[in-house]
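The block underneath contains the structure these notes are about, expressed in C-alpha cells.
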There are 2 protein chains.
Amino acid sequence: MGMGRPRAFDADAALDRAMDVFWRHGYEGTTIAQLTEAMSINPPSLYAAFGSKEGLLKAALDRYTEKRDAWMDKVLNAQTAHEVAERFLMEHADAQTDPANPPGCLLVQGGLACGTGSENVPFELAARRTRTEDQLRERFVRAKAEHDLGENVDPATLARYLSAVTSGMCVMASSGATRETLREIAAVSLKAFEEQTKG
Amino acid sequence: MGMGRPRAFDADAALDRAMDVFWRHGYEGTTIAQLTEAMSINPPSLYAAFGSKEGLLKAALDRYTEKRDAWMDKVLNAQTAHEVAERFLMEHADAQTDPANPPGCLLVQGGLACGTGSENVPFELAARRTRTEDQLRERFVRAKAEHDLGENVDPATLARYLSAVTSGMCVMASSGATRETLREIAAVSLKAFEEQTKG
DNA sequence: CCACATCTGTAGCGAACACTACAGATATCT
DNA sequence: AGATATCTGTAGTGTTCGCTACAGATGTGG
C-alpha cells in the first residue's frame, strides 16, 4: 500500500501567511479566499490540512504561541522581577509596532467579540492571553520566594496589571500608535510596577 | 401635500438595542437579522432610518458618545488631576462590568480589525476613543495651568497612559474579568499616575 | 375626503460566504 | 511496474449575507 501524494506546500510557511491575514483582518473579517491566496493553496488543500477555518486559526495560534514562548523565555529569564517587567513591557511595545507584522497582537486583534457560531474564537484567544499572564505570575511567585519581591506583594495582581497594560497597548497600536508612544506608556507602567513592589 | 406615515418605533430605544448587539458580537459578528429582531423592526424600517449597517453603527456610536460625554463630565469636573484619574479608572472598572451592558466597551469590542470593505469601522471606533483621550489631555493641560500638576509633567503622556489602561481593561473584561479584578488594576495604575505626577 | 408622502411587512434579490465533489496527478510500498 | 493512498485544481454546492422591490397601511395638508 502506498502513502499517498505528499503535500506540495510547507505547512509552517502557510501558517505564517494565514497568521498575518487573521491578525490584520480579525477572524470574522478574514475570508477563505483571502487565506488561500495568501497561503498560495486551494481550498481543498486548506481543508485537508486544517479541517476548517477555525481549525486553521487554532493551528496558526499554536504556531504563534510557539514563537511567543521562545520570546517569553528571554523575558522570564531576566535576573529580577523588575527587569522581567521592563523587558515584557518594552519588548511588547516593539513587537506590536514591528513593521514585519500587522500592528498589535494576534491574540487581541484576532477577535474580542464574535458572532453566533464563532463564540469559541474569543474564548480561544483569551486562553492564550491567560497563558502569558500565568507565566508572569509564576515568575513573580518565584521572585517572591527568592526575596526579590516583598512579602506583601501579590504576584497575581502584578501579572494581571502587566497583562492589562500590554492589551491596552494592542488597542492603541491598532489605531496607529507609534513605537515611541507605546514605549512611553510602557515606561509609565513600569513606574507603577516599581511602586507596587515597594509596598 | 401630506407629510407621510410617521415612524412607528422609537429611534433612540432601537439604537440602544442595536448598541447592545454590536457591543456583544462586534460589528462583523452582528447580522441584520439579529439587529432587526433586537430592535423589533423589519429591514426596510432599519434602512429607511439609518441607511446601512454601517450607518446604524455610526448612529449607535453617536448615542453612545452622548451618554459617555455626560459620564465624562462628571469625571472631568473632579477637583484635582489625581481625582480625575481615580474617577476615570474606577468608573471604567465599574462600567465595563456593569451587568446591564455586555462586558467591556463598545469602542473596543465593536471591532479592532475588520474585513475588506469595513475598514472604516475600526477607524471610526478609534476616533471616538481618541476623543476621550483628548478630553483627558485637555483637563490635564488645565491642571498644569492651575499648578495642580508640575511643570515637567506631560499631559499627553498621562492621557495616553490612562487610555491604554482602560482599553486593556476592556480586553480583560471581555474574557470574564470581574469588577474586583479591574478595580485592582485601576488601583495599581493610579499609583503610576501618582508617581508620574511627582516627577 | 382626497391627494400625497412616508412608513411597514412580506418576500426575495444578487453576491459572497464557508465548504466540498470529483477527477486527475503524484508520491510510496510491494 | 502496479496497486493504493493522499494531495491538487476546477468548479461548483447550499446557505447566509446585506439589502431592496413592492404593495398595503397610516399619517398630514388642502
Side-chain angles (χ1 to χ4, degrees), chain A residues 1-15 17-18 21-22 24-61 110-111 113-122 124, chain B residues 1-15 17-18 21-22 24-61 110-111 113-122 124:
Chain A
M1 53 178 173
M3 273 174 57
R5 177 175 178 175
R7 183 177 288 151
F9 64 94
D10 181 73
D12 281 340
L15 279 178
R17 304 301 204 96
V21 183
F22 281 132
R24 184 163 276 116
H25 296 294
Y27 177 75
E28 297 199 300
T30 297
T31 68
I32 298 292
Q34 287 176 316
L35 289 167
T36 53
E37 189 186 342
M39 300 164 86
S40 299
I41 60 176
N42 294 101
S45 298
L46 190 158
Y47 282 90
F50 306 107
S52 65
K53 184 184 175 186
E54 195 173 325
L56 174 59
L57 175 72
K58 283 185 187 168
L61 285 175
C114 279
T116 308
S118 303
E119 297 92 348
N120 209 40
V121 170
E124 197 73 32
Chain B
M1 51 177 175
M3 274 173 56
R5 178 175 176 176
R7 183 178 287 153
F9 64 94
D10 181 72
D12 281 340
L15 279 178
R17 305 301 203 95
V21 182
F22 281 132
R24 183 164 277 116
H25 296 293
Y27 177 75
E28 296 198 301
T30 297
T31 68
I32 298 291
Q34 287 175 315
L35 290 167
T36 53
E37 189 186 342
M39 299 164 85
S40 299
I41 59 175
N42 294 102
S45 297
L46 190 159
Y47 283 89
F50 306 108
S52 66
K53 186 184 174 186
E54 196 173 323
L56 174 59
L57 175 71
K58 283 185 186 166
L61 285 175
C114 279
T116 308
S118 304
E119 297 92 348
N120 208 40
V121 170
E124 196 72 32

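So that the names make sense, note that chain A is the first sequence line, chain B the second, and so on, each numbered from 1.
For B:Ala48, taking side-chain heavy atoms from C-beta onward, the closest of the listed nucleotides D:dG9, C:dC7, C:dA18 is C:dC7. Listed candidates were D:dC19, D:dT8, C:dC17. Nearest to the side chain of A:Thr31 is C:dC17.
With hydrogens and angles ignored, no donor-acceptor pair under 3.5 angstrom links the side chain of B:Arg5 to the base of C:dA5.
Here the CZ-CG distance, from A:Phe50 to A:Leu57, works out to 11.5 Å after rounding to the nearest 0.5 Å. For the atom pair NZ (A:Lys58) and OG (A:Ser52), the distance works out to 7.5 Å, reported to the nearest 0.5 Å. The CZ atom of A:Phe9 lies 10.0 Å from the CG atom of A:Asn42; values are rounded to the nearest 0.5 Å.
In terms of phosphate contacts, A:Tyr47 brings a side-chain nitrogen or oxygen within less than 4.0 Å of OP1 or OP2 of C:dC19. Between A:Ser45 and D:dT8, a side-chain N or O to OP1/OP2 separation shorter than 4.0 Å is present.
Put simply, CG on A:Asp10 is 15 Å from P on D:dC7, counting in whole angstrom units. In this structure, the CG atom of A:Asn42 is 6 Å from the P atom of D:dT10, given to the nearest Å. Rounded to whole Å, atom P of C:dA18 lies 10 Å from atom CD of A:Glu28. With rounding to whole Å, B:Arg7 atom CZ is found 19 Å from C:dA5 atom P. Spacing between atom NZ of A:Lys53 and atom P of D:dT15 amounts to 19 Å, rounded to whole angstrom units. Atom CG of B:Leu46 and atom P of D:dC17 are 15 Å apart (whole Å). Regarding A:Glu37, its CD atom lies at a distance of 15 Å from the P atom of C:dA16, rounded to whole Å. In this structure, OH of A:Tyr27 is placed 14 Å from P of C:dC17, rounded to the nearest angstrom.
Among the heavy atoms of the strands, none lies under 4.0 Å from B:Thr36. Within 4.0 Å (heavy atoms only), A:Phe50 reaches no atom of the nucleic acid at all. Within the 4.0 angstrom heavy-atom criterion, no nucleotide atom of any strand lies near A:Thr116.
Each of A:Ile32 and B:Gly4 was assigned the nucleotide of DNA chain C with the nearest heavy atom; the assignment lying further toward the 5' end belongs to B:Gly4. Position along DNA chain D of the nearest nucleotide to B:Glu54 versus B:Pro6 favours B:Glu54 as the more 5'-ward residue. Toward the 5' end of DNA chain C, the nearer of the two residues A:Pro43 and B:Pro44, judged by each one's closest nucleotide, is B:Pro44.
Atom CD of A:Glu37 has 12 or fewer heavy atoms from other residues, nucleotides or ligands within 6.0 Å.
Residues A:Phe22 and A:Lys53 form a side-chain contact, since some pair of their non-hydrogen atoms from C-beta on lies under 4.5 Å apart.
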